[in-house]
Structures are given as C-alpha cells and as structure tokens.
Amino acid sequence: MQVVKSVAEMQDICRKLRRGGEALGFVPTMGALHEGHLSLIRRARAECQVVAASIFVNPLQFAPGEDFAQYPRTFEEDCRQLDTEGVAVLFAPEAEEMYPSGAVTLVTVSGIGDRLDGASRPGHFTGVATVVAKLFHVVAPARAYFGQKDAAQLAVLRQMVQDLNFDLELVGCEIVRDRDGLALSSRNKYLSGKERDQALVLSRTLNQMKQSISSRERQSAALLQLGKDALNGTEGVRLDYLAIVDSRTLLPVPSAEKGVLVAVAAYVGRTRLIDNFLIA
Ligand code: PAF
C-alpha cells in the first residue's frame with residue numbers, strides 16, 4: 001500500500017488509476033479503525049477495482065472543548081489493517097496540507113447541516129462537508145463509502161453531492177455492532193467497563209422502539225416517549241436527542257413509516273455516542 005502525504009501526489013496517483021479505466025472506490029476515515037471501517041473497505045473492494053482510503057483527524061469538524069486532542073490515533077496499526085484489506089493507496093495528510101494558511105473556503109449545507117448532530121454541535125457539518133468535498137476533489141472516486149451509523153452525516157453529504165454535482169455515487173453501509181448490540185465507534189475506546197454497560201441502553205432502546213413499530217405503534221410522539229423514558233432512566237446516561245425524522249431532510253415526521261430514520265445521541269459519562277435504525 002502506498003502512503004501519500006501530499007495533495008498533489010495523491011491527485012496524480014488517483015488520476016493515473018482512473019486513466020487506467022479502473023473504478024476507484026474511496027473510504028474516508030479519521031483512523032482508529034475498527035470492524036465498521038473494515039466493512040466499508042471490504043464493500044469497496046467488492047464493488048471497485050481499486051480502493052483508496054484516507055486517514056485525517058479533521059480539526060475543522062471539532063468545536064473548541066471537544067475531543068480533537070484526545071481522539072484516538074493508531075496510525076501504524078491502521079496502516080497494517082488497510083494493507084491487509086488490500087487498499088492500494090492511503091492518503092494521510094497533515095493539517096497544514098489540507099488547510100494551508102490563507103485557505104478560507106468552507107462548504108456549508110444549509111438547513112440540513114443544522115439538524116440532529118448539527119444542532120448539538122454547531123459548525124460540525126460545515127467541517128465535515130468541507131473536508132469531504134476537498135477529499136473528493138483530490139481522489140475523484142467513482143464511489144465513496146460511509147457508515148450508516150453517522151446517518152445525519154450521510155444525509156448532509158448526499159445533499160452536498162447533489163448540490164455541488166460531484167460525479168460519484170455515495171454508498172451508505174450498514175452499522176456494525178459488537179455482539180451485545182453496541183454500535184462500533186472509535187469513541188467506544190473512551191468508555192470505562194461500567195460506561196460500556198450503560199451505553200448498551202442506546203441499542204436496547206432503539207430495539208424496543210423497533211419492536212413497538214412492528215406491533216403497529218406508528219405515532220412518533222408515543223414512540224419518542226417510550227424511548228426517552230428508557231434513556232432518561234439510565235444512570236450515567238444523558239440524552240442529547242432522540243428523533244424520528246425523514247432520512248433525507250432530517251426533519252421530524254409525525255408517523256414512523258417505512259424509510260424513516262430513528263436516531264439517538266447521548267452522553268455516557270463524557271463520551272458522546274450515536275446510534276440509529278431505518279424503518280424497514
Ligand atoms: O465519519 C468520519 O470518520 C468523518 O466525519 C469523515 C467522513 C472521515 C470526515 O472527516
């Protein structure tokens with residue numbers, strides 16, 4: 001696997017790969033890789049002739065006081081895993097390479113970018129959209145792979161791809177969970193043993209809501225009440241949001257119908273976790 005630090009070199013390599021007629025798949029990450037990331041790589045490998053990945057802990061998507069400095073960095077181990085999974089080229093720029101002094105352009109996805117995590121973390125999705133737009137310009141993939149766990153991020157990026165005419169397909173991939181149901185996240189590393197147990201209330205609550213929906217409870221208000229009671233009743237857990245929304249616009253919907261997104265964000269101790277499901 002080639003490891004590339006400079007934008008110009010990455011652009012050059014990706015241009016040559018595309019010229020060879022290869023369908024280029026791309027998996028952007030912030031590193032600290034787990035099975036969730038590896039599932040994106042495997043899907044990209046199954047669907048594209050050649051796969052590029054990136055590791056960049058993007059300072060622009062962290063607000064002051066958030067966990068940018070503590071974010072787990074496991075570069076050597078990540079490289080080993082990506083190499084084993086057959087990634088051809090890894091882009092791992094320094095912050096100055098992505099944001100040289102004098103760079104002032106931001107990508108803001110209005111409205112949708114201020115909903116769910118965008119409401120709780122103002123400016124977060126401008127940071128995400130800006131870095132992903134830049135990465136798309138550098139790599140110019142045919143397909144880019146993102147986890148459905150970050151459902152709001154996926155919705156924001158779909159809107160951006162449409163609005164800015166990126167010539168690529170965004171592929172949303174299923175959430176990968178530990179055996180006990182906890183959605184995989186690089187931030188799970190922050191949890192103590194006790195907090196990890198407490199964190200299970202997120203997936204458990206979503207499952208209870210899913211079961212109620214299967215038993216024909218469709219009213220969002222009733223479902224949200226059920227979920228909030230469970231989450232608020234758990235020691236060590238502080239609910240950020242529980243929402244039933246249109247999966248494309250992230251706007252609340254009154255009734256939990258097919259294709260609707262049920263999403264939760266909560267602090268377990270000091271760690272903010274998210275989870276969700278799409279109604280089948
Ligand atoms: O989901 C992530 O890991 C990040 O938000 C992304 C898409 C790599 C942008 O920094």
Side-chain angles (χ1 to χ4, degrees), residues 25-29 36 39-40 43-44 47 58 61 106-137 141-177 183 185 202-203 205-207 209-210 212-214 217-224 227 239-266 272-280:
F26 178 47
V27 181
T29 81
S39 75
L40 306 182
R43 172 102 183 253
E47 295 180 354
N58 173 33
Q61 69 190 73
L106 298 173
V107 178
T108 293
V109 182
S110 300
I112 190 168
D114 298 323
R115 296 175 193 143
L116 300 189
D117 307 281
S120 311
R121 304 178 65 190
H124 170 65
F125 284 131
T126 291
V128 171
T130 302
V131 80
V132 172
K134 286 171 73 79
L135 290 168
F136 284 173
H137 283 303
R143 295 189 197 96
Y145 295 81
F146 294 86
Q148 173 64 34
K149 184 175 75 71
D150 297 285
Q153 169 171 282
L154 199 53
V156 166
L157 294 176
R158 281 197 196 290
Q159 185 72 47
M160 179 192 82
V161 163
Q162 182 180 315
D163 292 351
L164 299 185
N165 305 108
F166 279 102
D167 185 16
L168 57 85
E169 185 191 345
L170 264 195
V171 184
C173 302
E174 268 183 39
I175 297 176
V176 180
R177 298 178 181 280
S185 162
L202 272 74
S203 55
T205 301
L206 291 178
N207 277 333
M209 294 173 78
K210 204 186 271 183
S212 289
I213 293 167
S214 304
E217 175 57 86
R218 295 275 162 174
Q219 289 303 310
S220 296
L223 291 162
L224 290 172
L239 182 61
D240 179 356
Y241 67 73
L242 177 66
I244 299 181
V245 297
D246 181 294
S247 61
R248 299 231 154 220
T249 64
L250 305 182
L251 285 169
V253 291
S255 179
E257 304 301 336
K258 191 171 184 304
V260 158
L261 174 72
V262 181
V264 63
R272 187 175 180 280
L273 299 176
I274 56 175
D275 199 350
N276 68 78
F277 68 94
L278 283 168
I279 299 171

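Along the sequence shown, the residues carry numbers beginning at 1.
With hydrogens and angles ignored, the 3.5 Å screen pairs a side-chain donor or acceptor of Glu217 with a backbone N or O of Gln219. For the pair Arg143 (side chain) and Val171 (backbone), a donor-acceptor distance under 3.5 Å is absent.
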Does the side-chain contact (heavy atoms from CB on, under 4.5 Å) test come out yes or no for Phe125 and Val109, once each step is laid out? CA-CA 8 Å; Phe125 284 131; Val109 182; over 6 Å; no

Starting from the C-alpha separation in whole Å, work towards a yes-or-no answer on side-chain contact (heavy atoms from CB on, under 4.5 Å) for Arg158 and Ile112. CA-CA 11 Å; Arg158 281 197 196 290; Ile112 190 168; over 6 Å; no

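In this structure the side chain of Asp117 never reaches within 4.5 angstrom of the side chain of Asp240, judged on heavy atoms. For the pair Val262 and Lys210, the minimum side-chain heavy-atom distance is 4.5 Å or more. Taking the side chain as every heavy atom from C-beta outward, Val264 and Thr205 never approach each other to under 4.5 Å. Residues Ser39 and Tyr145 fail the side-chain proximity criterion, which asks for heavy atoms closer than 4.5 Å. Taking 4.5 Å as the limit, some side-chain heavy atom of Met209 sits within range of a side-chain heavy atom of Leu242. With a 4.5 Å cut-off on side-chain heavy atoms, Met160 and Val107 count as touching. With contacts defined as side-chain heavy-atom distances shorter than 4.5 Å, the pair Ile175/Asn276 qualifies.
Minimum heavy-atom separation, Ala44 to Val27: CB-CG2, 4.0 Å. Residues Gly147 and Leu154 come closest through the heavy atom pair O-CD2, 4.5 Å. For the residue pair Leu278 and Ser247, the shortest heavy atom distance occurs at CD2-CB, 3.7 Å. The two residues Leu168 and Pro141 make their nearest non-hydrogen contact at CB-O, 3.3 Å. Scanning both residues, Arg121 and Gln61, for their nearest heavy atoms gives NH2-O, 3.4 Å. Ala129 and Leu157 get closest at one heavy-atom pair: CA-CD2, 4.2 Å.
A distance of 9.0 Å separates CG in Asn58 from NE2 in His124, rounded to the nearest 0.5 Å. Rounding to the nearest 0.5 angstrom, the gap separating the CD1 atom in Ile279 from the CD atom in Glu257 is 7.5 Å. Atom CD of Gln148 and atom CG of Leu40 lie 11.5 Å apart (nearest 0.5 Å). Separating the CG atom in Leu202 from the CG atom in Asp275 is a distance of 6.0 Å, to the nearest 0.5 Å. Note that the OG atom of Ser120 and the CG atom of Asp114 stand 11.0 Å from one another [nearest 0.5 Å]. Taken to the nearest 0.5 Å, the CD1 atom of Ile274 stands 7.5 Å off from the OG atom of Ser185.
Atom CD of Glu169 sits in a crowded spot, with more than 12 heavy atoms from other residues, nucleotides or ligands closer than 6.0 Å.
Of the options Asp163, Val156, Val161, a side-chain contact (heavy atoms from CB on, under 4.5 Å) to Gln159 is made by Asp163 and by none of the others.
Arg248 pairs by the salt bridge (Lys or Arg N to Asp or Glu O under 4.0 Å) definition with nothing, not counting sequence neighbours. With sequence neighbours left out, the ring-ring contact (aromatic ring centres under 6.0 Å, His included) criterion links Phe166 to Phe136, His137.
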